[in-house]
2 protein chains.
Amino acid sequence: MRYSSTHKEEVREKLLATSQAIAKAGGFSTTGVDALMGAIGLTGGAFYSHFPSKQALFEAVIEREMANSSDMLAGDGSSAPDHVAKRLRGYLSTFHATHPEQGCALPTLGAEISRAQPEVRKAVEACLKKVHDNWAERVEDSDAAWALIAQCVGALMLARSVDSDKTRKEILAANRRFIDEAHSLEHPLQPPSGRQA
Amino acid sequence: MRYSSTHKEEVREKLLATSQAIAKAGGFSTTGVDALMGAIGLTGGAFYSHFPSKQALFEAVIEREMANSSDMLAGDGSSAPDHVAKRLRGYLSTFHATHPEQGCALPTLGAEISRAQPEVRKAVEACLKKVHDNWAERVEDSDAAWALIAQCVGALMLARSVDSDKTRKEILAANRRFIDEAHSLEHPLQPPSGRQA
DNA sequence: GTCTATATCTAGATAGAC
DNA sequence: GTCTATCTAGATATAGAC
């Protein structure tokens, strides 16, 4: 064959990586196959040597996204004691709010996931449960873990839905401060400066 | 003229109402003008007598959605003392999670809002601030109000992103219980039964 | 496996008859 | 104002040459 034995695997890998970023930035359904393939230097026709349909790519993208996020957020046995605080700080950062292509898939693709087939939502559910179960042992209880996840996802949506940088930063900072105040984390998200009324 | 003097206004009203529901259920960009017009018994060509472009309809839909939501959530001077608790209970209900077409626009259209023009996000920002400022006086402080809004929006996204009814209900219930526990609301969301560990 | 060309379909938007 | 017909553009997907 004219291509190396790992060629197909490499193309698939690049396609997935760039598709993830592009979909998170501009939405999956609103981006065409030609654009996704063009981003890795190929034409649209070659797409179907790697995926049977655009829908199949969506499923692969979401599963990779969620697996990635849950691995990172949940951590493992060797995680530092301030692991949760570190992840929360990064999640609720201005950088994350202004760079959706590098961030969590839920705030950007959550609506498309909601309308997707059961298999996709099953994968999302498994990853969410993984983060929840892990965090439930590091915060007050199970309820607090679900509340924390919800607050983070929602805060990012809010921060991206407003226009002014000032309001965006205020929403993120308020959410960080509230977590420090309401949750009994071992380590605070930010220095115990002042919480404003 | 062959149409009543209020005809155009009535059509516009119906178009907006159905477009809001359809967009929240299936996404705005993924729904065509023909489908939106067909839902009120007209054909696609007639659309442009009411809006100059599909984009203009999106702006009108979002502004109406947010104004509606913020009016309902913020309440007014005559609101009952348990107003916030009532709204939170309805927002974090299974009915809301399973009927996006009747619910808040942020969890379903938040991503599309994030990618929209500044004018749209300005309108969203104003409505969010209205709810925040109102709630800030009824909960602990400003931070708690932002955290509450974020938690609600995120909880609904999570509830809709999972597959099983059981997990969906658990996410919603956990978020309701956490609010009762962490926020000093005058009235609880649900009877002080048991909060599970 | 990738390319170009193409088939098919749908989208947003416009033109002209009624 | 609404309709049908149409223009133009873009989408998913397939076919056949290299």
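Values reported hereafter were calculated over all heavy atoms of this structure, with side chains retained and with hydrogens, waters and symmetry mates removed. Note on naming: letters A, B, ... go to the chains in the order of the sequence lines (proteins, then strands), and numbering restarts at 1 for each one.
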Colleague: Can you list everything that forms a ring pair (Phe, Tyr, Trp, His ring centres under 6.0 Å) with A:H83? Sequence neighbours excluded, please.
Modeller: none

Colleague: What I want to find out is whether A:D163 reaches A:R168 closely enough, with some N-O distance under 4.0 Å, to be called a salt bridge.
Modeller: no

Colleague: List in numerical order all residues of residues 44-63 of chain A for which some heavy atom is under 4.0 Å away from an atom belonging to DNA chain C.
Modeller: A:G45, A:A46, A:S49, A:H50

Colleague: Which parts of residues 27-43 of chain B get close to DNA chain C, meaning a heavy atom less than 4.0 angstrom away?
Modeller: B:T31, B:G32, B:V33

Colleague: Using distance alone, with no hydrogens and no angle criterion, decide if A:D180 and A:Q190 have a side-chain donor and acceptor under 3.5 Å apart.
Modeller: no

Colleague: Go through the structure and list residues passing ring pair (Phe, Tyr, Trp, His ring centres under 6.0 Å) with A:H99, not counting sequence neighbours.
Modeller: A:F95

Colleague: Do B:D71 and B:K130 sit within salt-bridge range, that is, some charged N less than 4.0 Å from a carboxylate O?
Modeller: yes

Colleague: Which nucleotide of DNA chain D is the first, and which the last, in the 5' to 3' direction, to come under 4.0 Å of a heavy atom belonging to chain B?
Modeller: D:dG1 to D:dT4

Colleague: Enumerate, atom names and distances included, each donor-acceptor pair closer than 3.5 Å involving a side-chain atom of residues 25-34 of chain B, sequence neighbours excluded.
Modeller:
from  : atom 1 : to    : atom 2 : distance (Å)
B:T30 : OG1    : B:G26 : O      : 2.6
B:T30 : OG1    : B:G27 : O      : 3.4
B:T31 : OG1    : B:G27 : O      : 2.8

Colleague: Going through the distances and angles, do B:V124 and B:M66 end up as a side-chain contact (heavy atoms from CB on, under 4.5 Å)?
Modeller: CA-CA 6 Å; B:V124 171; B:M66 294 305 297; 3.8 Å; yes

Colleague: Pick one: which of A:E137, A:R138, A:H132 meets side-chain hydrogen bond (donor to acceptor under 3.5 Å, both in side chains) with A:N134?
Modeller: A:R138

Colleague: Quick check on side-chain contact (heavy atoms from CB on, under 4.5 Å): which of A:E65, A:R64, A:E63 does A:V61 satisfy it with?
Modeller: A:E65

Colleague: Any side-chain donor-acceptor pair under 3.5 Å between A:E125 and B:S161?
Modeller: no

